[in-house]
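Input: a single structure, listed below in structure tokens.
One-based numbering along the sequence shown.
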Amino acid sequence: MNVMKSTLRAAMLLLFVASLVSPARAFYMAAPYRFEGGKMIVQASIGGQTGKFLLDTGAPCTLTSSFAQRAGVGLGEAMRFSDSNGQMVSVQMTTLSRLVVGGVSFMQLQAVVLEPGNIVEQMGVDGIVGYNLMRQGIVKFDSRRSLFILTDERDSLGLDYNYCTEMLADSYVPLLPVRVGAQVDTVMFDTGAESLYEMSVSSFRRMVADTASLHIVAHGVGILSAGAAGVEQASEKWRVLIPTFSVGAARFARATTITTDAPDSRIGSPLLRFGDVVLDYADGFFYFQPHEPAVVSDVYEPEWNIVVTVMNGQLVAGIVWDDGGSGIRSGDTIVAVRGERVGNVDMRAALTQSLFNFSPDGTPITYRSQTTGEERDAMLRMQ
């Protein structure tokens, strides 16, 4: 179970200038990536230090404070930005003299350095390889070989123009139209997002009247995600079933989405289970080339009736979907699982591991009401 979704999003940007790639000739870089806890990970080196970095099309190049210190990175101007949940986060600008990924050196690349103890560091990674590096060429995520490819050799990528979609102009992040039933949603292709589809509340409100395009499955109020500034504020959310949606020429059936307060909807890294993605920033085109072009994939995913997260070292009910009378509310502390008391929960372990092996068929939990202080029992299950 993914206890918490987190990433640094595109709202932190718009200050980056073009950087240089060395050598200054046609180049081809291929770096292996892997998934850890639903997050795309790639190795990169700065100042002789090799680290573990998130691969995120929706965020700028970013360093944790501790890695910046180890790599001898100097700090520049202090700034504040809004993260994915609209909360303010403090960063310092820097210019990396050399960032090495896949054996290729990228020179004079701008990045941000997070404050000590930021949630990105708690995830056990050293930073983010983000869009301002990717825009140096054409990106391909080769999902069968698990390769992150960056090149200016378009002919080497095996592009199929039948699977081409025009991206929105003048955007630092890849934004493209996605057809949802009879409607159209503007989405960001965000490899930092762990769900196939995360629909923005604004798109949901615009489309919800069209019942052929959207079916409301559940409703709740609570928290589901964390951005660079930490855990989001509680808000109203809907779980929605989308009968069909299309990314370019590829169609998906029975997609489930949970609304997000982010300004844009997102298509996340699970898209790579079904095919390869190419981002041609120079010409403004997005390619999704499915592994099985003729197949309409059924992508339905059940959801927990109580979504569990971690706050201040405690296990809590992040959101409760349409509570049927158990009494548990968002924010209540979970004090026992299967009768065993839950102590302090390590944030890093919670973000990267399945700590409690909740059973989809039902796991008894005990929670403490934040209003009465009483301990009561409930059942955690998939629905």
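Side-chain contact of Gln183 with Asp210: a donor-acceptor pair under 3.5 Å is present, judged by distance alone. No hydrogens or angles considered: a donor-acceptor pair under 3.5 Å links the side chains of Asp276 and Ser143. Looking at Ser105 and Arg98, their side chains do bring a donor and an acceptor atom within 3.5 Å of each other. In this model, no donor atom of one side chain and acceptor atom of the other lie less than 3.5 Å apart for Asp126 and Thr64.
Taking CE from Met167 and CG from Asp280, the interatomic distance works out to 7.0 Å, rounded to the nearest 0.5 Å. Atom NZ of Lys140 and atom OG1 of Thr151 lie 11.0 Å apart (nearest 0.5 Å). Here the OG-CG distance, from Ser203 to Asp185, works out to 3.5 Å after rounding to the nearest 0.5 Å. Atom CZ of Arg179 sits about 11.5 Å away from atom OG1 of Thr165, to the nearest 0.5 Å. To the nearest 0.5 angstrom, Leu175 atom CG is 5.5 Å from Leu168 atom CG. Summarising the geometry, atom CD belonging to Glu236 is positioned 8.5 Å from atom CZ belonging to Phe204; distances are rounded to the nearest 0.5 Å.
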Practice task
Give the intermediate values and the outcome of side chain to side chain contact (heavy atoms under 4.5 Å, CB included) for residues Val129 and Thr62.
Solution key: CA-CA 7 Å; Val129 169; Thr62 304; over 6 Å; no

Handout entry: Intermediate values then yes/no, side chain to side chain contact (heavy atoms under 4.5 Å, CB included), Glu77 and Met79
Key = CA-CA 6 Å; Glu77 183 181 0; Met79 293 189 173; 3.3 Å; yes

Practice task
Would you sort out whether Arg273 and Glu292 count as a salt bridge (charged side-chain N to carboxylate O under 4.0 Å, His left out), showing the intermediate values?
Solution key: CA-CA 11 Å; Arg273 299 174 191 164; Glu292 301 179 71; over 6 Å; no

Practice task
Evaluate side chain to side chain contact (heavy atoms under 4.5 Å, CB included) for Leu109 paired with Asn132, printing each intermediate quantity in order.
Solution key: CA-CA 8 Å; Leu109 189 75; Asn132 55 310; 4.1 Å; yes

Exercise for the section: Report the C-alpha separation of Met207 and Ser213 in whole Å, then their side-chain angles, then the decisive distance to 0.1 Å, and conclude whether the side chain to side chain contact (heavy atoms under 4.5 Å, CB included) test is met. Expected result: CA-CA 7 Å; Met207 292 191 284; Ser213 297; 5.6 Å; no

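In this structure, Glu198 does not pair ionically with Lys237, as no charged nitrogen and carboxylate oxygen lie closer than 4.0 Å. With salt bridges taken as basic N to acidic carboxylate O contacts below 4.0 Å, none links Asp56 and Lys39.
Looking only at distances, a side-chain donor or acceptor of Ser156 sits under 3.5 Å from a matching main-chain atom of Glu153. With Asp377 contributing its side chain and Pro364 its backbone, the two residues share no donor-acceptor pair below 3.5 Å. When atom types are taken as modelled, the side chain of Ser297 and the backbone of Val299 share no donor-acceptor pair closer than 3.5 angstrom. Panel note: side chain Ser246, backbone Gly248; no donor-acceptor pair is recorded below 3.5 Å. Side-chain atoms of Thr257 come within 3.5 Å of backbone atoms of Met199 as a donor-acceptor pair (strictly under, hydrogens ignored). Under the 3.5 Å distance criterion, the side-chain polar atoms of Thr333 are left unmatched by any main-chain donor or acceptor of Arg368. Between the side chain of Asn118 and the backbone N or O of Glu121 there is no donor-acceptor pair closer than 3.5 Å.
When side chains are defined from C-beta on, Ile258 does not count as touching Ser195, because their heavy atoms never get closer than 4.5 Å. Within the 4.5 Å cutoff, no side-chain heavy atoms of Val316 are placed close to those of Ile334.
Connection of Phe189 to Val42 is established within a shared hydrophobic cluster, with ILVMFWY side chains joined at heavy-atom distances below 4.5 Å, either directly or through further cluster members. Phe286 and Tyr281 fall within the same hydrophobic cluster, defined by Ile, Leu, Val, Met, Phe, Trp and Tyr side-chain heavy atoms under 4.5 Å apart, directly or through other members. A continuous path of ILVMFWY side-chain contacts below 4.5 Å connects Met29 to Leu279, so both sit in one hydrophobic cluster.
Residues Asp160 and Gln289 come closest through the heavy atom pair N-OE1, 2.7 Å. Here the closest non-hydrogen pair linking Gly220 and Ile319 is C-CD1, 3.8 Å. Of all heavy-atom pairs spanning Leu63 and Ala68, the tightest one is CD1-CB, 4.2 Å. Residue Ser269 comes nearest to Phe35 through the heavy atom pair OG-CE2, 3.7 Å, listed as atom of the first residue, atom of the second, then distance. Nearest heavy-atom pair, Asp190 versus Thr57, reported as atom, atom and distance to 0.1 Å: CA-OG1, 3.2 Å. What you find for Ser330 and Gly318 is that their closest heavy atoms are OG-O, 2.7 Å.
Scored by the ring-ring contact (aromatic ring centres under 6.0 Å, His included) test, Phe288 finds no partners at all (sequence neighbours excluded). Residues satisfying the salt bridge (charged side-chain N to carboxylate O under 4.0 Å, His left out) test with Arg34, not counting sequence neighbours, are Glu36. With sequence neighbours excluded, no residue forms a salt bridge (charged side-chain N to carboxylate O under 4.0 Å, His left out) with Glu166. For Ala209, there are no side-chain contact (heavy atoms from CB on, under 4.5 Å) partners at least two apart in sequence or on another chain. By the side-chain contact (heavy atoms from CB on, under 4.5 Å) test, Tyr300 pairs with Arg239, Leu241, Arg254, Thr256, Asp298, Pro302, sequence neighbours left out. In this structure, the salt bridge (charged side-chain N to carboxylate O under 4.0 Å, His left out) partners of Glu374, at least two apart in sequence or on a different chain, are Arg376. Taking Asp332 as the reference, nothing meets the salt bridge (charged side-chain N to carboxylate O under 4.0 Å, His left out) condition, with sequence neighbours excluded.
For Phe53 and Phe148, the ring centers sit 6.0 Å or farther from each other. Checked against the 6.0 Å centroid threshold, Phe252 and Phe274 count as a close aromatic pair.
The hydrophobic cluster around Val335 extends to none of the other residues, as no ILVMFWY side-chain heavy atom falls under 4.5 Å of it. Grouped with Val184 in a hydrophobic cluster is no other residue, since no side-chain heavy-atom contact under 4.5 Å to another Ile, Leu, Val, Met, Phe, Trp or Tyr is found. As a member of the Ile/Leu/Val/Met/Phe/Trp/Tyr network built from side-chain separations under 4.5 Å, Ile138 groups with Tyr28, Leu147, Ile149, Leu157, Leu159, Tyr161, Val278, Phe285, Tyr287.
For residues 130-139, no pair satisfies salt bridge (charged side-chain N to carboxylate O under 4.0 Å, His left out), with sequence neighbours left out. Legend: side chain to side chain donor-acceptor pair (under 3.5 Å) pairs involving residues 41-51, not counting sequence neighbours, sorted by first then second residue: Ser45-Thr50.
By the 30° and 60° cut-offs, the orientation of the rings of Trp238 relative to His219 is tilted.
Around CZ of Arg251, the count of heavy atoms belonging to other residues, nucleotides or ligands within 6.0 Å does not exceed 12.
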